[in-house]
Amino acid sequence: MQVKGPVTRFIAPVAHVEGHIAVPGDKSVSHRALLIGALADGETHVSGFGRSGDTESTMNAVRALGATVDELDVDTLVVHGVGVRGLRAPDRPIDCGNAGTLARLVTGLLAFQDGAFELTGDDSLSRRPMERVAGPLREMGAQIETIDGHLPMRITGGALTGLQYEMPVASAQVKSAILLAGLGAAEPVTVIEPAPTRDHTELMLGAAGAKVRVRGLSVTVEAPERLRLPEVHVPGDISSAAPYLVAAALLPGSKLMVHDIGLNPRRTGLLDVLERMGVRVGIHNRRKIAGELIGDVEVEAQPLVATTIEPHEVPLLVDELPIFGLLAACARGKSVVKGAEELRHKESNRIETAVAALQAIGVRARETEDGFTVTGVPTRPRGGRIHARGDHRIAMLGAVAGIVSKDGVRVEDAECVSISFPGFYSLLESVSVQ
Ligand code: S3P
């Protein structure tokens with residue numbers, strides 16, 4: 001998918017939002033369906049695939065590594081796996097684009113394949129830390145070279161030993177990279193997390209027949225003889241639903257239902273926070289498909305009160321923290337985000353870019369070392385100009401800020417939303433009522 005160059009969009013205020021919508025498939029699950037499907041024996045049928053700039057980077061990567069991917073439809077794929085140790089080294093670098101999840105997870109897989117691999121990425125990804133993955137994998141015997149801890153990265157596949165690793169940061173990407181490396185290690189690997197992070201890798205590896213043991217914050221994976229993953233149903237992405245849920249929470253008179261979204265408890269921090277702030281959140285039609293919880297989420301606007309996000313909650317809504325800043329801007333009182341220094345290592349430094357975006361529309365927001373504070377006023381923010389800085393989540397914050405503002409918001413670099421959600425603006429327009 002072509003991610004278009006910088007484009008400015010003016011987002012005008014609307015009266016409220018209403019309707020029934022669905023959002024594209026979960027990005028985290030879509031990446032994993034491609035990567036684990038590529039290592040399985042036989043076919044993996046993927047329905048509800050979340051097509052975006054990031055997941056297309058992963059599709060291109062698994063193809064370059066020798067797996068075939070049939071695109072039956074925009075969101076329906078068949079991955080023809082090559083077996084756990086069957087990836088082959090392409091004769092050129094694998095371009096991870098903007099996708100941190102791809103770069104981190106594929107490193108774990110490549111560490112035990114036959115051959116030498118090089119990973120590259122765009123400017124943003126090339127600034128993000130890779131040593132957090134390379135370090136523990138080297139302890140397993142992997143040969144990995146980074147440039148000062150960054151991409152481009154060279155991986156020479158070889159024999160791996162087991163590992164027991166206590167993670168210094170709560171990161172699902174780091175955990176997943178190590179667990180995936182465990183698929184090719186001589187002994188089991190165990191990862192111990194400082195706080196629970198999303199567990200899609202563990203769930204999917206279990207569904208594919210790998211031996212996965214979870215005890216509290218510790219996850220162990222043993223190398224399987226083979227994986228089989230006949231089917232993956234990807235739930236709607238709660239992180240893509242978040243901007244719409246926040247818009248509905250902020251605009252009085254709104255009532256919005258987002259259907260079929262993933263409700264994995266490691267991802268639903270925003271729903272708890274919305275309720276805590278006074279929003280009415282209804283969950284309907286809750287069910288489990290292939291280990292993942294799914295349901296329809298309904299939000300009705302109510303007056304909001306400020307809240308504090310504690311460090312242990314951060315991984316449960318890590319990608320929703322920028323848009324949380326907008327909720328906080330319209331909530332009575334001072335909101336605080338603590339223990340979120342990881343935000344500095346996302347597609348942009350999100351403590352800096354989220355606070356700058358909020359300040360640009362007249363909100364009293366301030367950076368702290370490990371998060372930010374927002375002093376809210378229960379009224380529409382003024383509006384202004386927000387630069388997305390190439391970060392899709394900041395562009396989405398800008399767009400929702402536009403519809404809930406008094407004067408509208410000009411979003412610079414607006415098209416970077418295609419990294420996770422190419423149809424974002426048209427869906428926003430479809431729920432907007434003048
Ligand atoms: C992801 C994990 C999160 C999240 C990212 C996707 C994943 O990162 O921010 O967008 O798919 O594992 P960390 O858990 O590394 O913080």
Side-chain angles (χ1 to χ4, degrees), residues 24-36 49-50 52-55 57-58 61 96-109 121 124-125 128-136 165 167-180 191 193-205 217 219 232 234-235 237-243 262 264 266-270 292 309 311-324 337 339-351 353-354 370-371 391-394 396 416-417 419-421:
D26 189 272
K27 187 154 76 81
S28 292
V29 177
S30 298
H31 283 302
R32 286 158 172 83
L34 283 162
L35 293 168
I36 298 175
F49 175 72
S52 66
D54 264 7
T55 56
S57 292
T58 297
C96 299
N98 193 249
T101 304
L102 168 59
R104 270 72 176 254
L105 270 58
V106 83
T107 302
L109 296 182
S124 151
L125 187 56
R128 297 178 66 186
M130 294 296 153
E131 218 30 67
R132 50 178 55 197
V133 168
Y165 186 66
M167 298 205 306
V169 288
S171 161
Q173 294 181 351
V174 175
K175 170 177 68 175
S176 299
I178 299 167
L179 296 178
L180 291 171
V191 181
E193 307 192 78
T197 67
R198 64 192 69 190
D199 58 359
H200 307 300
T201 303
E202 298 90 297
L203 292 174
M204 204 180 285
L205 285 177
L217 292 172
V219 191
V232 178
V234 185
D237 195 329
I238 191 166
S239 298
S240 298
N264 180 318
R266 309 268 181 114
R267 298 287 300 280
T268 49
L270 180 71
E292 293 280 2
I309 310 285
H312 69 271
E313 287 185 278
V314 165
L316 312 179
L317 77 164
V318 64
D319 293 334
E320 287 70 73
L321 287 171
I323 200 88
F324 164 75
V337 175
E341 47 279 270
E342 271 302 294
L343 289 183
R344 298 200 184 273
H345 306 296
K346 298 293 178 188
E347 287 84 328
S348 66
N349 174 342
R350 284 189 180 152
I351 294 185
T353 50
D370 67 343
D391 186 333
H392 53 133
R393 306 271 179 227
I394 302 298
M396 291 177 189
C416 65
V417 296
I419 277 301
S420 63
F421 190 172

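Every number for a ligand or one of its atoms is a count from 1 in the order of the listing. Excluded from the calculations below are hydrogen atoms, water molecules and symmetry mates; all remaining heavy atoms, backbone and side chain alike, are included.
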Next on the checklist: Applying a heavy-atom cut-off of 4.0 Å, say which part of T197 lies close to ligand 1: side chain, backbone, both or neither.
Outcome noted: neither
Item to check | Under 4.0 Å to a heavy atom of V318 - the qualifying atoms of ligand 1, by number | outcome: 9 (O)
Checklist entry - At what distance is the nearest protein heavy atom to atom 6 (C) of ligand 1, and which residue and atom is it? => result T101 OG1, 3.4 Å
Checklist outcome for this item: Check: of D319, L321, V133, L343, min heavy-atom distance to atom 10 (O) of ligand 1 comes from D319
Checklist outcome for this item: Rounded to the nearest 0.5 Å, the CD1 atom of I238 sits from the CG atom of D26 at a distance of 9.0 Å
Item to check | Proximal candidate to atom 7 (C) of ligand 1 [heavy atom criterion; set H31, R32, H200] | outcome: R32
Item to check | Short N or O distance, A172 and ligand 1, threshold 3.5 Å exclusive | outcome: yes
Checklist entry - Just how far is it from atom CG of L321 to atom CD1 of I351, taken to the nearest 0.5 Å? => result 9.0 Å
Checklist entry - If you round to the nearest 0.5 Å, how far is CG of D370 from CD of E341? => result 5.0 Å
Item to check | Shortest protein contact, atom 15 (O) of ligand 1 (heavy atom only) | outcome: S171 OG, 2.6 Å
Next on the checklist: How close do N98 and L125 get, counting heavy atoms only, and between which atoms?
Outcome noted: C-CD2, 4.2 Å
Item to check | Residues R267 and E292 bridged, charged N to O under 4.0 Å | outcome: no
Checklist entry - Is there a donor in the side chain of H392 and an acceptor in the side chain of S420, or the other way round, less than 3.5 Å apart? => result yes
Next on the checklist: Heavy-atom pairs closer than 4.0 Å: do any link ligand 1 to the side chain of K346, the backbone, both, or neither?
Outcome noted: side chain
Next on the checklist: With a heavy-atom distance limit of 4.0 Å, tell me whether R198 approaches ligand 1 through its side chain, its backbone, both, or neither.
Outcome noted: side chain
Checklist entry - How far is atom 11 (O) of ligand 1 from its nearest protein heavy atom, and which residue and atom is that? => result S28 OG, 2.7 Å
Checklist outcome for this item: Separation between CD1 (I178) and OG1 (T201), nearest 0.5 Å, reads 11.5 Å
